[in-house]
Amino acid sequence: MKVAVSYLSSNRSILDTIKKINETKADYIHADFMDGKYVKNNNISLKHWFYLRYAAKPLEIHLMVKNPLKYLKYLNGLNIRVVYIHYSAYFLNDITKILKKGYRPGLVINPNDNLDLLSKYFKYVDKVLVMGVTPGAGGQKFIPDTLKTLKQINKYKLDNNLVFSVEVDGGINQETATKVSRYCDTVVSGSYVCKELDYNKPISQLKKPKK
Ligand code: DX5
Ligand code: ZN
């Protein structure tokens, strides 16, 4: 299992946490951006974009925002593995712009999203990020129905010969990572990692989920 660490709920500063993740065995750094419109919280600032320049691991940009295109200009020059956006009426237009900029687009599935409507967009993206919690805050409890969603997505992928990869974000700890491990290749973990002094301890657990 690959592990992306989110610094969202760290009690250190963003920059200190990014530097600390740099020193670990984590595969990626997961950067959560919230605009106060798509979700209640707002953590977007010029400084926040600037701190990403200190990331020594590939970045996952998770945009919990109403207008993702507004922020692409801040990504220039960064080592970005994927730009995740949530579904909206402008989704196809948005991912076309993301592709044109040279980034890989990803679609985020919220707990209450209708898979019958959204699965037709899977063919346009590199990755699907399945939320295990309601987006907008770290430290929430994993929603058990996420497992059903993951099963459905994997079935759809097989049935339609698609190649996107699946990642899970929210409520991940050793126990939930074990549950989702059959259905994804990467987990995002925020509080479970950042509450420890030694980040490598939880990261190692997540990398080798118990069978
Ligand atoms: C939630 C964010 C997550 C969050 C995960 O809206 O997208 O990336 O930081 O935090 P934990 O692991 O604490 O649920
Ligand atoms: Zn996230």
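Numbers for residues simply follow the sequence, beginning at 1. In what follows, every heavy atom counts, from backbone to side chain, and hydrogens, waters and symmetry copies are set aside. First listed ligand is number 1; within each ligand, the first listed atom is number 1.
If you number the atoms of ligand 1 from 1 as listed, the ones under 4.0 Å from a heavy atom of Pro135 come out as 6 (O). Applying the 4.0 Å criterion to heavy atoms of Gly138 picks out, from ligand 1, the atoms 10 (O), 13 (O). Taking every heavy atom of Leu8 and a limit of under 4.0 angstrom, the matching atoms of ligand 1 come to 9 (O). Short contacts between ligand 1 and His30, defined as distances under 4.0 Å to a heavy atom of the residue, involve ligand atoms 8 (O). The contact set between ligand 1 and His62, taken as ligand atoms under 4.0 Å from a residue heavy atom, comprises 7 (O). Ligand 1 places these atoms under 4.0 Å from at least one heavy atom of Ser191: 11 (P), 12 (O), 13 (O). Close contacts of ligand 1 with Gly170, meaning ligand atoms under 4.0 Å from a residue heavy atom, involve 14 (O).
Between His62 and Phe33, the distance separating the two ring centers is not shorter than 6.0 angstrom. For an aromatic pair to be called close, the ring centres must be under 6.0 Å apart, and Tyr7 with His48 satisfies this.
Nearest non-hydrogen protein atom to atom 5 (C) of ligand 1 is Asp169 OD1, 3.6 Å.
Shown here are the ring pair (Phe, Tyr, Trp, His ring centres under 6.0 Å) partners of Tyr199, two or more places apart in sequence or in another chain: there are none. Not a single ring pair (Phe, Tyr, Trp, His ring centres under 6.0 Å) links Tyr103 to another residue, sequence neighbours left out.
With distances taken over non-hydrogen atoms, the option nearest atom 14 (O) of ligand 1 out of Ser189, Gly171, Ala4 is Gly171. Which of Gly132, Ala137, Ser9 comes nearest to atom 1 (C) of ligand 1 through a heavy atom is settled by distance: it is Ala137.
Inclusion of Gly139 in the set of residues having an N or O under 3.5 Å from an N or O of ligand 1 is warranted. Of the N or O atoms in Ser6, one or more lie within a sub-3.5 Å distance of an N or O in ligand 1. No N or O atom of Met64 sits closer than 3.5 Å to an N or O atom of ligand 1. Between Asp32 and ligand 1, an N or O atom pair is found at a separation short of 3.5 Å. By the 3.5 Å distance cut-off applied to N or O atoms, Gly136 is counted among the residues near ligand 1. Residue Tyr192 places no N or O, backbone or side chain, under 3.5 Å from any N or O of ligand 1. Polar contact check, Gly190 against ligand 1: a nitrogen or oxygen pair lies under 3.5 Å apart.
Under a cutoff of 6.0 Å and an axis angle of 45°, Lys157 and Phe122 do not form a cation-pi pair. Remark: Lys127 is not positioned above the aromatic ring of Tyr84, lacking an NZ or CZ atom under 6.0 angstrom from the ring centre and at most 45 degrees off the axis.
With respect to Lys207 and Asp27, a salt bridge is recorded, a charged nitrogen being found less than 4.0 Å from a carboxylate O. Using a cut-off of 4.0 Å between Lys/Arg side-chain N and Asp/Glu carboxylate O, Glu196 and Lys20 are scored as not salt-bridged.
Counting heavy atoms closer than 4.0 Å to ligand 1, residue Met131 contributes side-chain atoms (C-beta onward) but none from N, CA, C or O.
Under 3.5 Å, the side chains of Asn173 and Thr176 contain a donor-acceptor pair of N or O atoms.
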Q: Could you please spell out the steps behind the salt bridge (charged side-chain N to carboxylate O under 4.0 Å, His left out) verdict for Lys155 and Asp159?
A: CA-CA 6 Å; Lys155 184 173 182 316; Asp159 291 349; 2.6 Å; yes

Q: Carefully, step by step, assess Asp145 and Lys148 under the rule salt bridge (charged side-chain N to carboxylate O under 4.0 Å, His left out).
A: CA-CA 5 Å; Asp145 270 359; Lys148 280 189 209 148; 3.2 Å; yes

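Applying the side chain to side chain donor-acceptor pair (under 3.5 Å) test to pairs two or more places apart or on separate chains, those with a residue in residues 106-121 are Tyr38-Asn110, His86-Asn110, Tyr87-Tyr121.
By the criterion of a separation under 2.8 Å, the protein N/O/S atoms near the Zn ion (ligand 2) amount to His30 NE2, Asp32 OD1, His62 ND1, Asp169 OD2.
No side-chain donor-acceptor contact under 3.5 Å links Asn76 to the backbone of Leu78. One N or O on the side chain of Asn160 and one on the backbone of Tyr156 form a donor-acceptor pair closer than 3.5 Å.
Side chains of Asn79 and Leu59 form no contact here, defined as non-hydrogen atoms less than 4.5 Å apart.
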